[in-house]
> 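Please see the structure below; I have some questions.
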2 protein chains.
Amino acid sequence: MLRFMASVNAPDLKRADARRNRRRLLDAAIELVLEAGAEPSRDAVAKRAGVGIGTLYRHFPDREGLLRAVVLDVLDRTIEQGESACEESRSGGEALRRYAHVAIDTGLGVVSILRPLLDTPSWPDRQAAARQLLDRLIGAARSDGTIDADVTATDIALATIRFCRPLVIGLDPAAERATAHRQLDVYLDGLMSRPSGTP
Amino acid sequence: MLRFMASVNAPDLKRADARRNRRRLLDAAIELVLEAGAEPSRDAVAKRAGVGIGTLYRHFPDREGLLRAVVLDVLDRTIEQGESACEESRSGGEALRRYAHVAIDTGLGVVSILRPLLDTPSWPDRQAAARQLLDRLIGAARSDGTIDADVTATDIALATIRFCRPLVIGLDPAAERATAHRQLDVYLDGLMSRPSGTP
DNA sequence: ATGAAGCGGAGCATATCCCTCCGCTTTCGC
DNA sequence: GCGAAAGCGGAGGGATATGCTCCGCTTCAT
């Protein structure tokens with residue numbers, strides 16, 4: 001039903017190698033943005049993706065194109081996976097917890113890192129959708145009683161940014177992810193077990 | 001008593017402007033390392049410090065010199081402030097919490113970011129001292145019963161690395177620090193309120 | 001006041017980055 | 001299989017950033 005909207009971000013490329021390379025480029029860019037906390041060089045993106053520099057320029061002719069595609073990709077995947085994690089959950093608290101873990105895996109943090117660099121008025125819909133999802137989760141967890149009323153969407157958003165950046169750059173990615181998820185769980189435990197009114 | 005050892009890291013510079021500039025350079029380098037998660041360019045350090053590039057090269061003639069000085073400076077300040085925070089504390093749990101906050105303010109995270117880049121066998125004493133301090137704090141908090149036996153020094157160390165890196169780079173430093181301390185408190189709440197045996 | 005120590009930044013060599021172009025390779029409908 | 005169309009890779013050249021030196025001017029301590 002929204003098929004054509006999805007195609008804005010992920011055009012229906014005919015050839016398999018083109019689709020594969022596009023995905024590799026996006027993944028590489030996400031990694032590099034999270035590592036550096038800034039816009040990566042194009043050469044670095046192509047190298048990390050394991051494709052030629054020419055391929056990068058064919059897929060994303062201008063600088064902003066790549067970064068916009070990255071943000072859109074991350075938002076889409078977060079919303080999609082977040083929704084389904086949400087559906088599988090039995091309580092508001094569990095749903096919120098699952099969403100946060102999803103956000104780490106999708107690399108949601110790139111959005112806040114990249115937004116200041118992009119003067120684009122192009123994806124209010126996607127941002128709004130992500131925001132609504134989060135608000136819904138917060139509401140559910142609140143009525144569950146698993147989080148206090150003073151826990152805001154911003155708290156969760158800031159935490160996911162923090163936890164989806166790599167800790168020490170040379171580290172094994174698997175160990176990196178495992179640490180992030182473990183630390184996030186502890187953080188969420190902290191949020192969810194606070195006696196009301198703790199400053 | 002250990003005055004001469006301290007001078008290895010902070011030589012007794014005669015002139016006030018030299019001392020001031022040295023400190024500015026160290027602070028700038030710490031900021032940049034935490035932001036980028038990597039070795040910063042020398043030009044960037046001098047610019048951030050507000051001094052001429054020549055001044056940087058006079059204080060730190062070679063690349064490693066600056067980075068070593070940064071690590072030593074951070075370790076020294078963490079140990080010193082950590083010790084005194086420790087003395088002011090009434091319980092093991094409080095001491096551990098204070099130490100973690102100190103580590104954020106001193107920028108302890110640079111050590112793990114920089115260590116892979118430095119092939120230096122030069123400050124085992126300082127590292128050992130920091131490690132001992134942390135172990136002592138963990139022990140105290142354990143016998144307090146404020147943390148579980150399965151909470152390790154590594155858990156605390158990794159958390160401090162995570163929380164002392166800036167969240168979004170353009171952000172106001174004061175807001176940045178405030179967020180970091182708030183999030184750290186939540187994380188510590190999580191660590192300290194875990195029912196035994198939670199995976 | 002004055003000499004010595006320190007400061008700043010111009011400037012050059014080097015490395016990195018941006019982007020184009022075109023011959024070769026892969027894919028897919030037949 | 002086969003051929004054409006679509007995609008790929010990376011050399012290369014101009015632009016930019018970085019590493020480091022050098023020396024005339026400024027600031028500090030006495």
> Answer with base, sugar-phosphate or nothing: what part of the nucleic acid does B:A46 contact at a heavy-atom distance below 4.0 Å?
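Since no nucleic acid heavy atom lies under 4.0 Å of B:A46, the category is nothing.
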> Quick one: B:L66 CG to D:dG19 C1', roughly how many Å, whole number?
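Whole-Å distance recorded here is 13 Å.
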> Look at all strands and tell whether A:R58 reaches a base, only sugar-phosphate, or nothing, counting heavy atoms closer than 4.0 Å.
base
> Within the side chain of A:T160, is there an N or O that forms a donor-acceptor pair under 3.5 Å with the backbone of A:I104?
no
> Check the side chains of A:R98 and A:Q81 for a donor-acceptor pair under 3.5 angstrom, ignoring hydrogens and angles.
no
> Taking only the side-chain nitrogens and oxygens of B:R19, find out if one of them lies under 4.0 Å from OP1 or OP2 of D:dC28.
no
> Would you kindly check if the NZ (Lys) or CZ (Arg) of A:R162 is within the cone defined by 45 degrees around the ring axis of B:F163 and under 6.0 Å from the six-membered ring centre?
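The answer is no; the distance or angle limit is not met.
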> For B:G54 and for A:D17, locate the closest nucleotide of DNA chain D by heavy-atom distance; then report the residue assigned to the nucleotide nearer the 5' terminus.
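Mapping each residue to its closest nucleotide by heavy atoms, the 5'-most match is A:D17.
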> Distance from B:R182 atom CZ to B:D185 atom CG, nearest 0.5 Å?
10.0 Å
> Given D:dG7, is OP1 or OP2 found less than 4.0 Å from the side-chain N or O atoms of A:N21?
no
> Are any of B:R22's side-chain N or O atoms less than 4.0 Å away from OP1 or OP2 of C:dG6?
no
> So, OP1 or OP2 of C:dG6: does either fall under 4.0 Å of a side-chain N or O from B:T55?
no
> Whole angstroms only, please: what is the CG-P distance between B:D62 and D:dT21?
10 Å
> Rounded to whole angstrom units, what separation is found between the CG atom of A:D43 and the C1' atom of D:dG9?
13 Å
> Please report, rounded to the nearest Å, how far the P atom of C:dC28 is from the CG atom of A:L13.
11 Å
> Using whole Å, what does the distance between atom C1' of nucleotide D:dG3 and atom CZ of A:R15 come to?
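Going from CZ in A:R15 over to C1' in D:dG3 covers 13 Å.
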> For B:I53 and for A:P40, locate the closest nucleotide of DNA chain C by heavy-atom distance; then report the residue assigned to the nucleotide nearer the 5' terminus.
B:I53
> With a cut-off of less than 4.0 Å, is there a side-chain N or O of B:H59 near OP1 or OP2 of C:dC7?
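Result: yes.
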> Write down the distance between NZ (A:K47) and P (D:dA11), rounded to a whole number of angstrom.
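So the two atoms are 13 Å apart, to the nearest Å.
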> Write down the distance between CZ (B:R24) and P (C:dC7), rounded to a whole number of angstrom.
10 Å
> Using heavy-atom distances to pick each residue's nearest nucleotide on DNA chain D, tell me which of A:G50 and B:A44 is more 5'.
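Nearer the 5' end of the strand: A:G50.
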> Only one of A:R68, A:R126, A:R23 forms a salt bridge (Lys or Arg N to Asp or Glu O under 4.0 Å) with A:D73, so which one is it?
A:R23
> Atom CG of B:L56 to atom P of D:dC22: distance rounded to whole Å?
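Going from B:L56 (CG) to D:dC22 (P), I get 17 Å.
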